[in-house]
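The structure appears right after this line, and notes come after that.
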Amino acid sequence: MSGMFEEPILEIRDVHLSFGGIKCLAGISFDVFDKGLLAIIGPNGAGKTAMLNCISGFYRPQQGKILFKKKDLTKLPPHHIAKLGIGRTFQNLAVYAGASTIDNLLAGRHFHTKENIFAQAFWFGPAMKEEMKQRLIVEEIIDFMEIEPSRYSIVGSLPYGLRKRIELGRALAMEPNLLLLDEPMAGMNLEEKEDIARFILDIHELRKIPIILIEHDMSMVMDIAQRIVVLDLGEKIAEGDPDQIKSNPTVIKAYLGELET
Amino acid sequence: MDNLDTIHKILDRNRLQYGNRVAMRKKYLGIWQEYTWNDVYNHVVWIGLGFLSLGAKKGDRVIIIGNNDPELVWAQWGAQHAHLIVSCLYVDYLPDEVKFFIRDCETKFMFCEDQEQVDKVIRIRDECPSLEKIIYWDSKGLWSYDEPYLMSLEQLETLGKEYGKEQPGLFKENATKMKAEDVAVIIYTSGTTGAPKGNLQTYTSLLEYGKQGCAPIGLQPWDEYVSYASPAWAEQIVGLSICPIYPLIMSFAEEPETVMADLRDIGPHFIWFTVRQWEDLARQIRIGIDKASFWKRFLFNQAMKISLKRLTNIEKGKPIFPFLKIIHRLADFSVLRKVRDYFGMKRARCCASGGALSSPDLPRFFKALGLPFSNLYGTVEAGMLTTTHPLDTAYSSIGKANPGKEIKIERGEIWAKVGKERPGYWNKPGLWEEQVKDGWYPTGDAGWMDDEGYIYYIDRISEMSSLRNGYRFSPQFIETRLRFNPYIKDAIVFGAEEDYVVAIISCDFGMVGRWAESRHIPYTTLVEMSQLPPVIQLLREQIRQVNDSIPLESRVKKFISLHKEFDPDEAELTRSRKLKRTAVTQKYSELLRAMYEDKNDVSMETEVTYKDGRKARIKTSLTVNIL
């Protein structure tokens, strides 16, 4: 298996999360290795998004540890976690609908922009240079994500598939060390799905960063993921490479089996 | 200009005389990047030497597939300096189609734009034994490909630079051996009739074609030009031969989708679109007006009315009264000029259209907008034959014969005098000689000439049909008129050996959708929308309008509104978006039969091909509508 001798970059250790009496995550543990592409799959309500929300700090697990480069994330507020270099996209789009594509992507550069309120207000000297530097990086992402035609468009007016792409671009703009993608292909047609799959692989190849992906489309997951974690009702029921998961009887029963009936 | 008879002589002159002036622009990262003639020349040298170091022999072939980019132009010129014969393909060819071309001309090198094209070629590489190297110029997504036969443009140029150091003088020595009568490119015919044939073109023929076509439209050195036409044919003559001669400044759009915005950035003097692209532009303008506020719409419509009135008077030779002159000036200044500016055509000195038959409404529309619109007519075999001068009033004609060209009408067919500038077809010896009769080439196009020498194009002879009573008519003639209607995207007209003419209409789903929305007509899918009674009624009215302008015998009597658009991927259109008549007739034979059998509706099962090659079947019921 890949990374057998490597240190994991993200360690999930016995994470418990519940809302009142509802157990959402019941002792989940797994590792994410550097440069790995890990998919989390499972039926609806299995706790996939809850898991991502724990990593990015939106939820606080009652028990357990999430170690990113040996640093515990469970006590940190979301913006600190973002500052550590964990970028994410959301299941239900979270772009600034009233702003242009450029502005959305520039927002992703927030942590990397040197600020000086006076210089920026008058746009001279260092502020000008800084903005040009940030714009260049954003333009490179626009080129990478192939969204040139909608550079100045208001994001809210764009079709769904494009907005998803812009959200992914914004996550990239923060130069993440770990990328969390929550159902990036939901609600897309086959062609759009394949486009996004290509972008994910390209990001993975070019940036060489670990990616955690939640996705429902099994054929996509089997095609692009290197390792898969299967959740069901808040518990991890399997972990392995796509071939192992395909032939795992528990998984077939819990998830794939349901599809066949 | 006359001693500039090869691409090398032209580029060498440009380097020496205009070395530091801008030759090309490409928008990259949102900014226009400029290349001078020195830059261009250097790239050509490196690429040429690169090909030589890979063992290119005189007369070997290279196929280029990609969107218009500076790299594509350098690659073509570079390859030609290594005495390679270049052929460019449409970017949306499917792998099997690409395979046909690779095998047909036994190409040694493939020059691809990006991962998409490289993947296509890799998929079919095993079946193409002649192919040695694949070179690409956009490395995105190709970082981890380690196939030994793959190479980036930078790698090729590095090879070239090193080879140049080892053998100084080799490039120049090679380039001066280039002769005007050398075969420079193979242009494949689009294949409306059978498998594509490769037309050989020499430097002489390319440059001749360009001069013939461009002489009447008054280009000037350093005019701005946006390279957008596909290099598979038209751009070979304009962009790759004419631009360096004048020279014109070539600009390249950031992405094919951004052309309209980029056009506005540049404000070109010379615009060269196919009829299809002009039709699309007219459509866009009308959609834009349709969406505008009431006052804007009102002003635009009034301004167009005034302008059209003036045009009709000119056309009919009637005087233009001072009042009309004044309000036309006013309309032009306050409304039409703004529209031209919005679409980046404020400076346009020549708007050329070519490639297929256009409805006379198309030039009329753009002329009314105040654009100098010209029809160009030519064939790959015989060159650019006719051009309408921007001041010509015969809108439905394709113009007079270009200077140096002789044209006659022989039994209703357009014949053109041809010289010896073209050596014929690739790999089909004797075929060209067979076609030419005493120095005249029958173009296969039906047409007629009026007393003043204006030539009117009707259709391909092979595509003319006759009704059962013997009445001859041109389906394309009716189709172009239908297609000019904003609600109709595509149409195919039939009637061969039948009693009356029928049509299958593919409506413009965007326009019709908006129309339905504005009238609160609900629908869930486009398939459903295409069959809604109000939509059918709308289409009926549109067809009636067209019917009024065509002879009684060939008017459309029945039509079916198709549930989908025609698509090149389903072999319904050629890559240049011309209708593939035989294929479509076959595919929709059930629909046609239904229209002649007095049925009221017909169920239809179609196979749709997705972009990735997967297939699915869709079953729909379509109504037969009587006009």
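Below, chain A is the first sequence line, B the second, and so on; all start at residue 1.
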Nearest heavy-atom pair of W143(B) and D202(A): which atoms, and what distance?
-> CZ3-O, 3.7 Å
In Å and rounded to the nearest 0.5 Å, what is the CD1 to CG distance from I141(A) to L29(B)?
-> 11.0 Å
Between D143(A), I142(A), V138(A), L201(A), which shows the greatest number of heavy-atom pairs under 4.5 Å with chain B?
-> D143(A)
Tightest non-hydrogen contact, residues E205(A) and G141(B), listed as OE2-O, 4.0 Å
Spacing of CZ belonging to R151(A) relative to CD belonging to E255(B), to within rounding of 0.5 Å = 9.5 Å
Where is the tightest heavy-atom contact between E139(A) and G30(B), given as atom of each residue plus distance?
-> OE1-N, 3.7 Å
Answer yes or no: are there more than 12 heavy-atom neighbours, outside Y96(A) itself, under 6.0 Å from its atom OH?
-> no
Which residue out of E140(A), E148(A), R135(A) racks up the most heavy-atom pairs below 4.5 Å with chain B?
-> E148(A)
Looking only at K140(B), E257(B), K27(B), the option with the highest number of non-hydrogen pairs under 4.5 Å against chain A is K140(B)
Given that the side chain runs from C-beta out, which part of F199(A) has a heavy atom under 4.5 Å from chain B: side chain, backbone, both or neither?
-> side chain
Does Y342(B) OH have over 12 foreign heavy atoms under 6.0 Å away?
-> no
Within 6.0 angstrom of K346(B) NZ, more than 12 heavy atoms from elsewhere | no
Roughly how far, to the nearest 0.5 Å, is the CD atom of E146(A) from the CG atom of D114(B)?
-> 8.0 Å
For D182(A), the side chain to side chain donor-acceptor pair (under 3.5 Å) test, sequence neighbours excluded, returns T49(A)
